[in-house]
Amino acid sequence: MGIPVTTDLPEDLTAYTCIVDAVFGFSFQGSIRSPFHTIIPALANTSTPVASVDVPSGWNVEEGSPPEGLQPDILVSLTAPKLCAKNFTGRHHWLGGRFVPPDLAKKHELHLPEYPGSEQVVLI
């Protein structure tokens, strides 16, 4: 696909159109340790739009962002928005994964939006 991959954090993040934040998953706990302690602040302070997958890196899945945490422009929640999404203040919140069985949605009292046509994501 011709997409360059790097193993280090470039100094100038403004050279990019968008940055995908998928550093940590929803089970992240505790404080951010090396080598990530420099990456998250860089993402938090760049003017380049950041799109976080499911839970923004460094956030607690239930409580949200620490005071100095990353505030992405875009959040793509998977399956269902996590509790921390209540603290999302970015421009666009997408939900991906229309595969939640009705019985499971009912059991967990999920109130998920309808997906138009055959779309796999919906803007919420």
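Hydrogens, waters and symmetry mates play no part in the numbers below; they use all other heavy atoms, side chains included.
- Inter-residue side-chain proximity for Val50 and Ile74 is flagged as unmet; no heavy-atom pair is nearer than 4.5 Å.
- You'll find the side chain of Val76 stays beyond 4.5 Å of the side chain of Ser52, heavy atoms only.
- In the hydrophobic clustering, where aliphatic and aromatic side chains (Ile, Leu, Val, Met, Phe, Trp, Tyr) are joined below 4.5 Å either directly or transitively, Ile3 groups with Met1.
- A donor-acceptor contact shorter than 3.5 Å is absent between the side chain of Asn87 and the backbone of Ser65.
- If you chain together hydrophobic residues whose side chains sit under 4.5 Å apart, Leu9 and Leu70 fall into the same group.
- Residues passing the side chain to side chain donor-acceptor pair (under 3.5 Å) test with Asp8 are Thr6, sequence neighbours excluded.
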Would you be so kind as to tabulate the donor-acceptor pairs closer than 3.5 Å made by side chains of residues 88-109, with sequence neighbours excluded?
unit_1	atom_1	unit_2	atom_2	d
His93	NE2	Ser77	OG	2.7
Arg98	NH1	Gly117	O	3.0
Arg98	NH1	Glu119	O	2.7
Arg98	NH2	Gly117	O	3.4

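- In this structure, the ring pair (Phe, Tyr, Trp, His ring centres under 6.0 Å) partners of Phe36, at least two apart in sequence or on a different chain, are Phe24.
- When side chains are defined from C-beta on, Ile124 counts as touching Pro81, because their heavy atoms get closer than 4.5 Å.
- Of all heavy-atom pairs between Ala44 and Gly69, the closest is CB-O, 4.1 Å.
- Two residues are said to be in side-chain contact when any heavy atoms from C-beta on lie closer than 4.5 Å; Pro56 and Leu75 meet this criterion.
- Donor-acceptor pairing under 3.5 Å is recorded for the side chains of Asp21 and Ser57.
- Taking Thr14 as the reference, Asp12 meet the side chain to side chain donor-acceptor pair (under 3.5 Å) condition, with sequence neighbours excluded.
- Annotation: side chain of Asp54 is in contact with side chain of Lys82 (closest heavy-atom distance under 4.5 Å).
- Side chain of Gln120 to main chain of Ser118: a donor-acceptor pair is present (N/O by atom type, distance under 3.5 Å, no hydrogens or angles).
- Counting only heavy atoms from C-beta outward, the side chains of Ile19 and Leu13 approach each other to under 4.5 Å.
- Note that CD of Glu63 is 12.0 Å distant from NZ of Lys86, once rounded to the nearest 0.5 Å.
- For the pair Val53 and Leu78, the minimum side-chain heavy-atom distance is below 4.5 Å.
- Residues Trp59 and Cys84 approach most closely at CZ3-O, 3.4 Å, considering heavy atoms.
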